Structure formats: C-alpha cells, structure tokens
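Take a look at the structure below.
The model shown is predicted, which means the values in this text are computed figures rather than measured ones. Here is the naming used below: chain letters follow the sequence lines, and residue numbers restart at 1 for every chain.
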Amino acid sequence: MLRRLPPSGPSSVPDPPVSLPVQDAAMTTPSEPFRPYPAAEPNPDFPRIEEEVQETWKRERIFAESVDFRPADAQGRSNEYVFYDGPPFANGLPHYGHLVTGFVKDLVPRYQTMRGHKVQRRFGWDCHGLPAELQSEKELGVSGRHDILAYGIDKFNEHCKVSVLRFTHEWEYYVTRQGRWVDFQNDYKTMDLSFMESVMWAFKQLWDKGLVYEGYRVVPYSWAVQSPLSNFETRLDNSYRERQDPALTVKFRLDPRDGDPGPVDMLAWTTTPWTLPSNLALAVGPEIDYALVRLGDSHLILAEAALGKYAKELEGHEVVRTLKGAELAGRTYQPLFPFFADKAKEGAFRVLAADFVATGDGVGIVHMAPGFGEDDLNTCVANDIPVVVPVDVAGKFTSEVPPYEGVNVIEANPQVIKDLKARGVVLRHETIVHNYPHCWRTDTPLIYKAVNSWYVEVSRFKDRMVELNKQINWIPGHVKDGLFGNWLENARDWNISRNRFWGAPIPVWKSDDPRYPRLDVYGSLEEIERDFGVKPADLHRPGIDQLVRPNPDDPTGKSMMRRVEDVLDCWFESGSMPFAQLHYPFENKARFEQNFPADFIVEYVAQTRGWFYTLMVLSTALFDSIPFKNVICHGVVLDEHKQKLSKRLRNYPDPQEVLNTQGADALRWYLVSSPLMVGGDLAMPKDARGIAQALRQGVLPLWNAYSFFTLYANIDGIRGRMRTESAETASTRDQAGVLDRYILAKTRELVEGLAERLDAYDLPGAYALVPGYYDALNNWYIRLCRPRFWRGAEGDAQDKRNAYDTLYTCLVTVAKALAPLLPHVTERIHAALTGEKSVHLADWPDVSALPSDHTLVAEMDLVREICAAGLSIRESKKLRTRLPLREVTIIHPDAGFLDPYLGLIKQELNVKGSTLTTDIAKAGTRQLAVNAAIVGPKVGPAMKAVMAASKQGQWTDRGDGTVEVAGQILGPGEFDIRIQTREGLSAARFAAGKGVVVLDTQVDAELEKEGWARDFVRAVQQTRKDAGFQVTDRIRIAATVPAEVAEALAAHAETVKRETLAVELAVNDGGLTGACTQVDLSGTSIQLAITKA
RNA sequence: GGGCGCGUAGCUCAGGGGUUAGAGCACUCGCCUGAUAAGCGAGAGGUCGGUGGUUCGAUUCCACCCGCGCCCA
C-alpha cells in the first residue's frame, strides 16, 4: 500500500479522493458515473482547434481573469511583473517581425502570470510622426509644407488622425490570431490628450532641469516644398542623381603677421559658391602638411598634396617652406564679402584646426559657412563663431546680402562667381559632375541649411546613462556593451523638434518681438489655462497655435506670446510611454512609481537606437533610473537568401495562410526557438517547411500522447488522477514502478529546466528541452507500458491504475509547463484532461510533488542507450526484432546497477536471457582513454607522450584505481577505461565506449518458430487495423500458410489468440472468408482472413 | 574608414583549449507498432572561411586577411 500525502504546496491541483485498491475493471464507483474524455482527433486540425480555444478565451474572458485574479500586492510588496508594450505604428499591416515580437510579448507574461504575478498588458498605438504625414500627403494629393499650409493644417491633421488608425482592425486580427493576450480595450494612443499632457510635463521637467535648449542644426532642405527632409527621405533610392556644378578655388587674404614674406593668401575649394557670402571661417587639418609658395609677387598656402593638381595655375611657383596645419590655426583673414564683416568682433574669419579636413578633394583648406554645412556648423559652434543664415524658407537670399536679395541660391552661383572674378580672388573656376541629393517629391536639388531646432542635452548626462546601463540585463549579452553601450558612449544631443504638423506640440511660447524677449514653457493643461484662460481639449495644431496672449514683459502691449511652430519628434513620445500611458503625474502617481522600471520589454535589435534609447534617455533625465530591467532584442526575419522580406517580391509565406494551415503554436515554436532570440537573423524559406517541422516536432508528439491516453482511458472507463504520493515513496517495487518513477522524475527535470531557462530569458533554450522529453514519454514510457493500459480485467488493476495516473500526471504537468510555449494546444489538452477553465489560470507546476531522482533518470537513459545499441546489432546482422534471440551480455565496469533493468532490456531486445558482467575480456580489450581536459593542464608538455602511449595501449593498471602511462600516474577521474571489442563479435558499445552489448546471434528452430508466431500476430494486427476494426473487437482468424509456419502457429496458438483477441485460429483448413489478404511474413507468403467474432 | 554580429554537414543551426565536432531537415537503408509513417533507428555527408601566432594540443584563444549582415561616419 502506497502512502498517499495530501496535496502540498500552493499550486497543487486538488485531486479527487483516492480510493485504493481499485477492484472493478471499469474503475468507477456506482455513485460516480464515468465521464468520458472528449475524443482526441487522431489527425487534428490545429488551426481549427486554436480558433476554438481563442473563442473560449474571448467568451470566458480568460485573459482578463488571468490578470485580475493575481493580487497586485503580496506580503506588502508589489506582486506585479511589469511589461511595457512598445507602441507599433499602425499605419501598415503587421509582418513577421511584429509576429516574432508579439510571441515573445505573450510568452514571457504568460509564464510570469503562472509564477503568480499580476502582469498587465496594455496595447499601445504610435500615432504621430512623419510616416503618418507622408501617408496622408499621398492620400490627399498634397505635397510638402507649402501644400499642407494651403490645404489647411486642421483638415490635414484631421485626416492623419483617421488614417493612423486605419489598420487597427487588421492588427487586432493578427495579434489575436497569433494567440497574443493584450488589452485592446484599455489601450493607449500617443495622440490621446492625457498622453500628450504627460509628454508636455516631461518636456517641462527637462526644461526646468536645464536639459532643453534651442539651437541650430544643419539638415537637408528642400526649398521647393519649403521643408527640411529627414535622412530617411534623402536615402530613398532615387534621391541622388548626377548634376553639374561649378567648383571654385578662391583666395582668402590673411591678416599680416610678423615673419610673413609679404601678403599671403590661403586657398579654399568649394562646389557651392553661393555659400561664400556666408563664409565665417577656414578649416585646416592640424596634421596635414601645407606649402607656402611664391608665385610671382604673391604668396599662397595650400596642402602640399594638392600642388600637383594646380600645376597649371601655379606654373613657375617656388615652395618657400612647408608647415603643419596646426601652425596656421588661429590666424585671421579678411572677409571675402562685406556683409558679415562685423562678426569679426565675435571671433569670425579665423583659421580653425579640424580633424575632418582631408586632402582628397580640393586644396586641403575648407571654406566654412556654418549656416550651410554640418561640419561647418559643429566646428564653428565649438569655436564660438556665430551662425548666419541669409537664406529664407524658399531658398532665396535675404536682405542681409543685398546684391543677391531675392535670388534663388543656386541661381545666384554665376553672379557670385562673376563678382569674385572681378575682384581677382578666383584661382580656378571649373565644372564638376557629381552625385547630388535631390528632393524626391519635386526633383529639385536639396541644399543644406541650418534650421532652428530644440535639443535635449543628452551629452550632459550620457555618462550617467552608461553607468545605469550596467544594471540592465540584455539578451543577447553583447548588446549591452556593444551596440547599445557604444551608442550611449557616443550619444549626441537629441534634436526633438520637427518642423511639421501632426505631433505633440512643443509647449513653448515666445515673444514675437526680440526687443521684449520672453519665453514660457508649459507643463500641464492647467498652466495653459492659467495664462490663456482656456483649457485645451486637444493639444494638436492648429488649435494650440491659436492660443496667443500679450507679452507681459512688453509695456507697449503690442508684442504677443506665440507658440513656436514645431512639433515633437514622435520618438520623444514613445520614450515617454512608461509614464504617459498612465497620465503621470496628473493621475496614477503611486501606480506609476510602483511600476517603474519595467521588468521586461522586447523589440527588434534596431531599437537600440530607437525605443530602447529614448526610454533610457528620458528615464535617466527624469527619474535617474533605468527604464527596464530585462530586455530581449531579437534579430530580423529575412528570406532564405537573407534578403529583406518584401511585399513586392513576395519572398515569404503569407502569415495568414501559415496561421490557417500550420497554426499559431507551430509558428510560435518556429520563430521563438530560432536564432532570432539571440540577436541573429532568421533566414525563413518561402515554403514554410520550417514551420511544418515545428508542428511535427513540437506540437504533434504532445497531441499523440494525449490522444493515446484518452483513447484507452475512455475504453477502460478510467479518469486519471494526479499521483501525489511523495517524491520519496513513488513506487519502484517492479519494472512498471521503475518506469513510472522514471517518467515522473523526467517530468520534474523538464519543469525545472524550463523554469531555469525561462527565468534566464533563454527562450530557445526552453524550447530545446522539449523534444527530448517527448521522446522519453512517447517512445519509451508509453511504448513500453502499452500492455499495462490494455490489460483486461484479469490483470493487476493497481498497476493499470498507476499507469493511467502516471501518464495523466505527466500530461497535466507538461501541459502547464508548456502553456507559455504552446498556449493553444496545451489549453485544449489541459481542459480535456482536467475540466478546468484554463491552463493559463493555473500556477506553474509544483514539482515537489514529483520524485527528484537524477540517478534513476541517468540510469534509465543509459538503459535506453543500451537498447539502441542492441537493436543496432540486430540491424547490422539482419535479425528482425520480432525474432527472439537466446542471450544478451552487457559488460560495464559498474554493471551491477543495471540489474533491476534486465527485464526491461530483455523485453526490448526480444532476448530470452541476459548476463551482466564487468569482465571486459569477454568482449575485447581494455583501452585507456585519458581525460585530456584534466590531465593536460596537470602534466603540461608530457601530454604528447601520454596521448601517444595511451593510443598505442602502452599503459599499466596499477590495480589501485590508478594507471601509469608514459611515466605519469593517473588517478580516478583522470581517465576512463573503454572497451575495444574483438573482431567478429556481435557487439556494440554504449556510454561513450565504457560499456558494450553483445548479442548471441545463433538462431535455432525453436526461436525461428516463435519468430514466425510473432510475425503472424503482427500481420493479423495490421489486417485488423486495415479492416477498420475497433481495438476491442474479438475476431476469428483463418490462414493458409506453409508447413513450417503452421508448426509455429500450433506451438504458440494460445499466445497468438491472446495477442490478437482471437476466439478462433484456423490454420490450413480451407474456407477463407471475410477480409482475405495476401501477407508477406518475413519472406514467406501467407493468406489471411479475419472476421468479427 | 570605425563598431557590433556572423562564417561549422547539401540546407537551417548548436557547440566549444583536449583523443572520435553535434542536432534537425533532406538523402540512402532498415525497424517497431492493438496512439502516432507528420513515428523510430542506422548509414553516408565536415581540410569548423583563409593565413600566421600562442600552446604539449586550436574548430575554440590572439593577430591579420577574405566574405556576409546591421549600425555609425
């Protein structure tokens, strides 16, 4: 009698009362009518099952319950596991990348829920930004800033608002169909008033901390659409085209200095002569060699390397001396044009040393117009030289340069050149052909132009970000110091303003009269109401721009406070998501503080520069905290040729079709167990064969085990029960008990392994544990225990009960442990077995109820290896398994531990007898296998001799557990003894050569007969199956067979009848009726007919 | 040009200073089966990208090179 313990631990499923021993075959008590299990289809349609499961989830509101029933607090501490959903931009259909992220966004929270945590999952929508605007421009047929202003910002933004949500239904379909649980009802949108107010609060916080400033930035600019373009736009395929431009080499007269041989000119080369009126500096490379040359009466300076290029212009020159650029730095020169001559007082017209200067093009001296070049601007700002931008929004010169006022800059080139030539400062005027970026909408050349922008001064706290980053667990680990760490180290100030329309407004109001400067920054609706008398119901343009008030600092009362026109970079909003989704700090103050930072987020690896980064910037600046503790950055899904997935090329399987043919669980298995999860790319074949394989490998075996259980349980009228006897006492009294304990212990190891992998966020590692378990369950436990399940009423009822309960316990436990990995199929199986509402409401399996016995698991796994070795001998000797053999001999240094398993091995190898021995001489000779990893470091250079001697068998056993080889004594653990099997022996090694299996391959007449009998049984079974008989049907057999087979059947008639549920076996007495077939019986042809009895 | 990742069987990928480098798929051959042929096993298939170096020993560590991807400039 087994000791039964009450369910232990908080997560045990309550068991029905156990009544032992079970007496009747039906195993139900009269008071408790048998409830059959739902029939498990043998050829399940998984997509259909998934849809049914999803229907149940929806109907029963399981997701909401799975969140709600977990307490928010446990023992005074937060019990929440905080997950942030990175908002996707819904202005397009989801693709595999989104599905991958979605699976992980589902898997980890499901697991943490089972671990007892409350895991809120709110869906977020990213609504603002340039993609939304471009989409609307296309749909509305307007192009660029000019058109939009003419069309009306109000109407334009209204269109954006609708357009960005166009695909939300498709998103919801895919997200739901993939089995991802996320709350769409209680979602957040970055365009919600509450979200935008929190963003405004964040801006004000940064402003108050002095981390926001206004400054210039040079951007590609299209005068045709009167707007800067993003890098994204300039990189479109067709934006670069060939163009002819003038190239001018001009002379700048240095201010005289002692030691000059006379007036000296520095040369500079430019392809944009129109920028020369805005020249404020020259740049030289500090390490570059420059030549001071005399040419007639004048002196010129240019890079030594450029002398050859100007051979014609410099004909007859003489090099006076060479000097490093560093020696030129600091010298001043005469402005080329008079327009900004007064800037000399502010430090302009100096020679600056700059590392970006090269000598490849031009003369090694760069003319700098900080308003029109990025390097120019950065260098000038670093040297405190002011910026001038005498070009208006339409690309025309302003009144600051009167001779060119109103002229388009490119059209002004000839005029500028003419004026300079007239003054004799042009050394060379040439024409070059180069690739130049063009506006993709109007095909006009772009210019680079400084525009006013708002910045977050990231450079001031980037060291703190680097410091904080150390606390984050990055998956894969190299991202922490690699991609992300480097990005942080090189962080530059963040331009957060966009000169656009559809976005959160920059909450800054400025005086429109520079004589009465004033600047107000707002951090809440209330503050706006205080100053403007209205509380906005919408913060979008143009409404927000209409809030104008007199400048309180202007005694004349004429100047007005007007909002700066820009909107915020939409990345500022995604970075604000942790607090803005909660409308913090206006609401949910405590809730936010409890839920920050997040425990977990996941996105693809490029978000190191996107969302991961903006979260980090804002959480560091606002809260001096990391924004998330654990992060998975997954790789990119590509096609099998590593090309990007492209709608146009159709180089990927249709996701909807995959979901509808293979199913979401198979797709989840395929994607999440892939190298994507360690940051690698996934090359996905178009034919989706990998997904079919995932189904076969990951889903079907579980279903088959479940299907087996329900088939026989329903026949037997048995309901499975959880085996709850304590881990220590689970029965090992016989072979069946050993198998039970083995598979239960194996199950425990699986659950523990899964938890360990999932806790480490090693998702592929978790999936990788599963197939080995399936193999042990299906192809070892169930296969060997099959007779226990179909044993009739005359058999051992307790043994039968144990088999059912063991399998039931495994299936229920595994369904739970795999629930995060395969949410649908586990739900169906769990529901069918337990009748409980949802596996996702269950706790993670409590393995303390299962035996912990690694020794048994290891031994049994070795037994499986022995049997595989034995069967491989049969195969090589062409001895079919059904043919019994006399004897198996197993040789192993610790052979004794195999004794309890001999019955199992004999049965599996179909042999009559067995011998266990440690005597290696029976099968061959002993071979020394040195454990090089241990001995190598110990003996060092002597290793070579040790290895050579051991290979040649030159070693001696000292008889005390040590060996001597090449003069070295090796102790336990430093070597293994392996068996070199003798030639001609029917043997196979196992345990890495430590053991050997030998089969007696002599076949006598008796064995032959028994083999035929078994072949015959097999033939009958196949015929039964082909004829569609039930496994319980009784039959009559008639057969016509050769004489020797008839003898065999006569000798084993009772066995044959019992095995085939035959009430009659008629051999060679004529009159074959019913399903008559010709069957091949191991090379002999027979006639067989069976009928239902 | 710089950074990060990668290069292992026909394909997709593990692995890792140690004798004989693994898995799945595909291929060939075979096997069990009163759940599962979408099962199980065996075989064949590899100068572990190249060249040098460190080491008793390198596919693994180091350097350089070649090739691929991503990012930055």
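When the C1' atom of B:G18 is taken as reference, atom CZ of A:Phe975 falls 17 Å away, rounded to whole Å. Across the protein-nucleic acid pair, A:Phe708 atom CZ and B:C32 atom P stand 19 Å apart, rounded to whole Å. Rounded to whole Å, atom P of B:U12 lies 14 Å from atom CG of A:Leu676. What separates CG of A:Asp375 from C1' of B:C72 is a distance of 14 Å, to the nearest Å. One can place OH of A:Tyr613 at 13 Å from P of B:C72, the figure rounded to the nearest angstrom. Rounded to whole Å, the distance from CZ on A:Phe990 to C1' on B:U20 is 18 Å. Here B:G30 presents its C1' atom at 16 Å from NZ of A:Lys877, a figure rounded to the nearest Å. Summarising the geometry, the separation between OH on A:Tyr767 and P on B:A23 is reported as 24 Å, rounded to the nearest angstrom.
For A:Trp474, the ring-ring contact (aromatic ring centres under 6.0 Å, His included) test picks out A:Phe484, A:Phe612, A:Phe628, with sequence neighbours left out. With sequence neighbours left out, the side chain to side chain contact (heavy atoms under 4.5 Å, CB included) criterion links A:Ala949 to A:Gln954, A:Val965, A:Ala966. Scored by the side chain to side chain donor-acceptor pair (under 3.5 Å) test, A:Asp665 finds A:His824 as partners (sequence neighbours excluded). By the side chain to side chain donor-acceptor pair (under 3.5 Å) test, A:Arg786 is found to be paired with no residue, residues two or more places apart in sequence or in another chain being considered. Shown here are the side chain to side chain donor-acceptor pair (under 3.5 Å) partners of A:Glu489, two or more places apart in sequence or in another chain: there are none. Considering only residues two or more places apart in sequence or on other chains, A:Arg978 meets the side chain to side chain donor-acceptor pair (under 3.5 Å) condition with none of them. By the side chain to side chain contact (heavy atoms under 4.5 Å, CB included) test, A:Ala832 is found to be paired with A:Pro38, A:Tyr706, residues two or more places apart in sequence or in another chain being considered.
A:Arg874 has no side-chain polar atom (N or O) that falls below the 4.0 Å cut-off from OP1 or OP2 of B:G30.
Of the P atoms belonging to B:C48 and B:U20, the separation is 13 Å, rounded to the nearest Å. Annotation: B:C56 and B:U47 have their P atoms spaced 29 Å apart (nearest Å). B:U60 and B:G18 have their P atoms separated by 11 Å, given to the nearest Å. Rounded to whole Å, the C1' atom of B:A23 lies 13 Å from the corresponding atom of B:U8. Taking atom C1' in both B:A26 and B:A9, the straight-line distance is 11 Å, to the nearest Å. Between B:U28 and B:A14, the distance separating the two P atoms is 28 Å to the nearest Å. Comparing the C1' positions of B:C6 and B:G43 gives a spacing of 32 Å, expressed to the nearest Å. Look at the P atom in both B:U55 and B:A42: the space between them is 42 Å, to the nearest Å.
Among pairs with a residue in residues 939-950 of chain A, none fulfils salt bridge (Lys or Arg N to Asp or Glu O under 4.0 Å), at least two apart in sequence or across chains.
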Begin with the C-alpha distance, continue with both residues' side-chain angles, and end with the deciding distance and a verdict on side chain to side chain donor-acceptor pair (under 3.5 Å) for A:Asp493 and A:Ser459. CA-CA 6 Å; A:Asp493 290 351; A:Ser459 51; 2.7 Å; yes
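Cation-pi geometry between A:Lys1092 and A:Phe1029 is met: under 6.0 angstrom from the ring centre, within 45 degrees of the axis.
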RNA chain B in dot-bracket form (Watson-Crick or G-U pairs under 3.5 Å, [ ] crossing, | inter-strand) is (((((((..((((....[...)))).(((((.......))))).....(((((..]....)))))))))))).
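Residue-level contact check: A:Arg1014 touches the backbone only, with heavy atoms under 4.0 Å from sugar-phosphate atoms and none from bases. No contact: A:Ile934 has no heavy atom under 4.0 Å from any strand. A:Trp487 comes within contact range of the sugar-phosphate backbone alone, with a heavy-atom separation under 4.0 Å but no base atom that close. When heavy atoms are screened at a 4.0 angstrom cut-off, A:Ala868 is found touching no nucleic acid atom at all.
Using bins of under 30°, 30° to 60° and over 60° for the plane-to-plane angle, the ring pair A:Phe46/A:Trp703 lands in the perpendicular bin. In this structure, A:Trp487 and A:Tyr613 have perpendicular ring planes: the angle between them is above 60°, well past the 30° mark.
Residues A:Arg864 and A:Asn779 have side chains that never bring a donor and an acceptor to within less than 3.5 angstrom of each other.
With respect to A:Arg492 and A:Glu374, a salt bridge is recorded, a charged nitrogen being found less than 4.0 Å from a carboxylate O.
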Expected rows: protein N/O vs nucleotides 36-38 of chain B N/O, under 3.5 Å:
residue: B:U36; atom: OP1; partner: A:Lys1025; partner atom: NZ; Å: 3.0
residue: B:U36; atom: OP2; partner: A:Lys1025; partner atom: NZ; Å: 3.1
residue: B:U36; atom: O2'; partner: A:Asn704; partner atom: ND2; Å: 3.3

Table of protein N/O atoms under 3.5 Å from nucleotides 1-4 of chain B N/O atoms:
residue: B:G3; atom: O2'; partner: A:Asn486; partner atom: ND2; Å: 2.5

What's touching nucleotides 54-61 of chain B from the protein side, N or O pairs under 3.5 Å?
none

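For the pair A:Val1017 and A:Arg978, nearest-nucleotide mapping onto RNA chain B gives the more 5' position to A:Arg978. For A:Leu883 and A:Arg492, each mapped to the nucleotide of RNA chain B holding its nearest heavy atom, the one lying further toward the 5' end belongs to A:Leu883.
Residues A:Leu711 and A:Tyr37 form no side-chain contact, since every pair of their non-hydrogen atoms from C-beta on lies 4.5 Å or further apart.
The one candidate from A:His634, A:Gln607, A:Glu603 that meets the side chain to side chain donor-acceptor pair (under 3.5 Å) condition with A:Thr101 is A:His634.
Taking every side-chain heavy atom of A:Arg882 into account, B:U33 is the closest of B:U33, B:C25, B:C31.
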